[in-house]
Amino acid sequence: MQKLNPWELRKAEEQTLAGPRRRYGFLSRILFIFMDLVYGKTRNLSKFKVLEMIARVPYQAWEQVAYIAITHMYGKPDFARRIFEFVRESRTQQDNEQWHLLILEELVHRKRIRENFFKYRALPQIMAFLYYHTSWILYVIKPSLSYALNADFEDHAEHEYMEFVHENPGLEAEPFESDFAGDYGRFESLADLFRQIGYDERIHKQESLERIEHARFA
């Protein structure tokens, strides 16, 4: 994933805050309402961690369906190659979401934030399980439905991160120190870290929207 410099990160934040959110579908709205009811509307590290636990699973679902397709269509090399490239892209996106989760988990630990086991461990796993199968079923029925659901989720995450930075100017003074900096990237502050994560979510959203358009005209 492209890493932006501090000036570019601020511009990315401004662009997100100046733009409207997507018109979310029914399933997306239900998910976001549920999360607000359970975790509150306040944006915080623990709630973001739950978001990232869920964010990985559409890519895992798509990867699984793609591997099944390759197994049945390996006799058609061109088709199999296209599917494999799709798997590679999904893996890259999934890995990027995994870095987000690891960094957030690290921040929660370092700040000694106490979390309820059921709300922040067990329940997110149940939500991720359900979201995985929803993404999988939608993809089997019609891929664009699964892509649209993911675009909604990524758009929501993009705005949540950027609004979190806007609401918490003190993040500008907090240095970003992480065991994962060498893997994910080095940033001058936590504000820039969250701007980068928000920008990553924007790219994931755009990639899902591009897949919808490709499916429409294929």
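Treat the numbers as computed from the prediction; the structure is a model and nothing was measured. Quick note: residue numbers are just sequence positions, from 1.
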Minimum-distance pair of heavy atoms, taken over all atoms of [X] and [Y]:
X    : Y    : answer
R186 : G182 : NH2-CA, 3.8 Å
A191 : V165 : O-CG2, 3.7 Å
S46  : E115 : OG-OE2, 2.6 Å
P175 : L190 : O-CG, 4.0 Å
A157 : E201 : CB-CG, 3.9 Å
L4   : A12  : CD1-CB, 4.1 Å

Check the pair M53, M127 against side-chain contact (heavy atoms from CB on, under 4.5 Å), reporting the backbone distance first and the verdict last. CA-CA 9 Å; M53 291 179 70; M127 293 167 64; over 6 Å; no
Atom pair [atom1]/[atom2] of [X] and [Y] - distance to nearest 0.5 Å:
X    : Y    : atom1 : atom2 : value
H159 : R22  : NE2   : CZ    : 11.0 Å
E154 : L51  : CD    : CG    : 9.5 Å
S28  : N150 : OG    : CG    : 9.0 Å
E174 : L107 : CD    : CG    : 9.0 Å
L9   : Q196 : CG    : CD    : 5.5 Å
E13  : H166 : CD    : NE2   : 7.5 Å

Step by step, would you call L102 with E52 a side-chain contact (heavy atoms from CB on, under 4.5 Å)? CA-CA 9 Å; L102 292 173; E52 295 298 344; over 6 Å; no
Does atom [atom1] of [X] have more than 12 heavy-atom neighbours, drawn from other residues, nucleotides or ligands, at distances under 6.0 Å?
X    : atom1 : result
R114 : CZ    : no
K119 : NZ    : yes
Q206 : CD    : yes
F129 : CZ    : no

How far apart are the C-alpha atoms of K41 and D36, what are their side-chain angles, what is the distance that settles it, and do they pass the salt bridge (charged side-chain N to carboxylate O under 4.0 Å, His left out) test? CA-CA 5 Å; K41 293 186 177 182; D36 284 345; 5.4 Å; no
Are [X] and [Y] close enough for a salt bridge, meaning some N to O gap below 4.0 Å?
X    : Y    : value
R110 : E106 : yes
D200 : R195 : no
E97  : K49  : no
K11  : E8   : no

Using the rule that two of Ile, Leu, Val, Met, Phe, Trp, Tyr join whenever any of their side-chain heavy atoms come within less than 4.5 Å, decide whether [X] and [Y] are in one cluster.
X    : Y    : answer
F26  : L31  : yes
F118 : F34  : yes
W136 : I141 : yes
L130 : L101 : no

Check the pair N44, K47 against side-chain contact (heavy atoms from CB on, under 4.5 Å), reporting the backbone distance first and the verdict last. CA-CA 6 Å; N44 57 61; K47 188 177 181 182; 3.4 Å; yes
Check whether [X] reaches the backbone of [Y] with its side chain - one donor and one acceptor, N or O, closer than 3.5 Å.
X    : Y    : value
K111 : L45  : no
D152 : G25  : yes
N168 : G170 : no
E160 : R43  : no

Are [X] and [Y] side-chain neighbours, meaning at least one heavy-atom pair lies under 4.5 Å?
X    : Y    : result
S135 : L149 : yes
F176 : E188 : no
V50  : V38  : no
Y59  : D95  : no
W99  : S178 : no

Close aromatic pair by centroid cut-off 6.0 Å: [X] and [Y]:
X    : Y    : answer
H204 : F153 : no
Y139 : Y147 : yes
F164 : F48  : yes

Can you see whether [X] engages [Y] through a side-chain donor-acceptor pair at a distance of less than 3.5 angstrom?
X   : Y    : value
W62 : S146 : yes
N96 : H100 : yes
Q2  : Y199 : yes

Report yes or no: is the cationic atom of K3 (NZ for Lys, CZ for Arg) under 6.0 Å from the centre of the six-membered ring of Y184, at an angle within 45° of the ring normal?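 Flagged: K3 positioned over aromatic ring of Y184.
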Option passing salt bridge (Lys or Arg N to Asp or Glu O under 4.0 Å) with D155 (candidates R21, K205, R202):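 Exactly one pass, corresponding to K205.
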Assess the residue pair Y132 and Q64 against the criterion (side-chain contact (heavy atoms from CB on, under 4.5 Å)); give the C-alpha distance rounded to whole Å, side-chain angles, the decisive distance to 0.1 Å, and a yes or no. CA-CA 11 Å; Y132 173 92; Q64 180 64 26; 3.6 Å; yes
